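Reminder, nothing fancy here: chain letters follow the sequence lines and each chain counts from 1. Note that the structure is a prediction, hence the values are computed from the model and not measured.
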2 protein chains.
Amino acid sequence: MSGGVEWALHCCVVLTGMTEPVPAARLAEFHDVSPTYLAKQLQALSRAGLVRSVQGQAGGYVLTRAAEEISVLDVVEAVDGRAPAFVCTEIRQRGPFAATPEACRTPCGITKVMIEADRAWRESLRATSIADLAGTVARDVGAETLPRAQAWIAQRD
Amino acid sequence: MSGGVEWALHCCVVLTGMTEPVPAARLAEFHDVSPTYLAKQLQALSRAGLVRSVQGQAGGYVLTRAAEEISVLDVVEAVDGRAPAFVCTEIRQRGPFAATPEACRTPCGITKVMIEADRAWRESLRATSIADLAGTVARDVGAETLPRAQAWIAQRD
DNA sequence: TTGACTCGGACATGGGTTGTCCGGGTACGT
DNA sequence: ACGTACCCGGACAACCCATGTCCGAGTCAA
Ligand code: SF4
Ligand code: SF4
């Protein structure tokens, strides 16, 4: 899995409850990561419709909907793509005992198992929302930490 | 996911019920794939203890236990490794609002979600065995296909 | 003893993710 | 209305791991 997923998730969590647009550079400074590369991840989120980008001075990114309506799966798929991890090479159609193409209409047993496992993985990721994540960080490091961090992000130098 | 997983699974299926050792070169010829690269995957299976390799003339690979006792997850983990897909970079310990290391003893919410999803994925893969896969190919392409293929593999030129 | 065949780990190559850059565009301040 | 400064967006390289290959050590059969 792409490492940028972690960055994107952290950004979505800190964007929770933010009313003003936040520039990508400030998010990068907050997390101490490469600003340009983080920008790429945010662009992916923007393409997926999870965040809305406003340009010009005092621009930045804002969530398009409530944090309860954004699942972890949405973020993962936005950054890493919607393609399944396992892709069949159709090697059963090769070699001396090659199967006929019309026999390969329906996915074989191996592919079925992989698709089912992929579905279970995605379902598990869909069960948690960004708001849930924000709640866990409130329980882990204290309820006042997130608002203070958001205040630091909101102030413009 | 590594593409070699598909090759390894196919090899395990055709090895079902094989009593004589099968060389890697013959398996490669049967599937029409690179012999040397397939050998690498079989070596991984050997290291994981799923197959036993016998050397010398008339050597090859044999399953170490019954196909019912080998799950798809075993093969996947043998080839692709046991490491989880998501690895945390601990970026919460960086930046102006860095968390203290002692606060990071327990995994955060993001990591918990990822671990849970990974567990669900592996559990789904563990539910199916190689014997089940052999059964599905019997239902899909006919019950006599697999024995005939195995007979072709068993004969030595 | 000979021989030949097998596996095993060490060695190149390519595609993909990571990381970076500059141009188009927008909103603010004058 | 103009200038300006800022921000986003997609196009451009660098690094790394998966892919693919090779030859030597070991082993069994003859
Ligand atoms: S038999 Fe299944 S895994 Fe093998 S090539 Fe066909 S679809 Fe892919
Ligand atoms: S808060 Fe969670 S996801 Fe973020 S760096 Fe720490 S463990 Fe990783």
Give each protein N/O atom lying under 3.5 Å from an N/O atom of nucleotides 17-22 of chain D, with the pair distance.
residue: D:dT19; atom: OP1; partner: B:G3; partner atom: N; Å: 3.0
residue: D:dT19; atom: OP2; partner: B:S2; partner atom: OG; Å: 2.8
residue: D:dT19; atom: OP2; partner: B:Y37; partner atom: OH; Å: 3.0
residue: D:dT19; atom: O5'; partner: B:Y37; partner atom: OH; Å: 3.1
residue: D:dT21; atom: OP2; partner: B:S34; partner atom: OG; Å: 2.4

Mind checking the OG1-CD spacing from A:T111 to A:E90? Nearest 0.5 Å is all I need.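 Between A:T111 OG1 and A:E90 CD, I get 7.0 Å after rounding to 0.5 Å.
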Between OG1 on residue A:T16 and CD1 on residue A:I70, distance to nearest 0.5 Å: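 Answer for the OG1-CD1 pair, A:T16 versus A:I70, is 7.5 Å.
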Once you round it to whole Å, what is the distance between [atom2] of [N] and [atom1] of [X]?
X     : N      : atom1 : atom2 : result
A:E20 : D:dC7  : CD    : C1'   : 15 Å
B:Q43 : D:dA25 : CD    : C1'   : 13 Å
B:R52 : D:dT27 : CZ    : P     : 11 Å
A:L42 : D:dC8  : CG    : P     : 8 Å
B:R26 : C:dC7  : CZ    : P     : 13 Å

In short, salt bridge (Lys or Arg N to Asp or Glu O under 4.0 Å) pairs touching residues 52-75 of chain A with sequence neighbours left out are none
Among residues two or more places apart or on two chains, list those pairs meeting salt bridge (Lys or Arg N to Asp or Glu O under 4.0 Å) that have a residue in residues 32-50 of chain A.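 Passing the test, one end in residues 32-50 of chain A: A:D32-B:R94.
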If you group Ile, Leu, Val, Met, Phe, Trp and Tyr by side-chain heavy-atom gaps below 4.5 Å, do [X] and [Y] land in one group?
X     : Y     : answer
A:F86 : B:V75 : yes
B:I91 : A:V79 : yes
A:M18 : A:V62 : no
A:Y37 : A:F30 : yes

B:W152 and B:E29: side chain to side chain contact (heavy atoms under 4.5 Å, CB included), yes or no, with the steps? CA-CA 11 Å; B:W152 182 89; B:E29 186 187 1; 4.0 Å; yes
Check whether any side-chain N or O of B:R47 sits under 4.0 Å from OP1 or OP2 of C:dG9, and answer yes or no. yes
Any B:S53 side-chain N or O less than 4.0 Å from OP1/OP2 of C:dG8: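 Checking B:S53 against C:dG8: at least one side-chain N or O falls below 4.0 Å of OP1 or OP2.
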Flag side-chain contact, heavy atom, 4.5 Å: B:V13 against B:I130: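 A side-chain contact under 4.5 Å exists here.
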Base, sugar-phosphate alone, or nothing: which one does B:A24 contact when heavy atoms must sit under 4.0 Å apart?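 Counting heavy atoms under 4.0 Å across all strands, the contact made by B:A24 is with sugar-phosphate only.
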Let me test you: for the helix from C:dT1-D:dA30 to C:dT30-D:dA1, what is the angle between the axes at its two ends (five pairs each), rounded to 10 degrees? 20°
Taking side-chain hydrogen bond (donor to acceptor under 3.5 Å, both in side chains) as the test, write out the residues that go with A:T136, two or more places apart. none
Heteroatom pairs (N/O) under 3.5 angstrom, protein to nucleotides 25-30 of chain C:
none

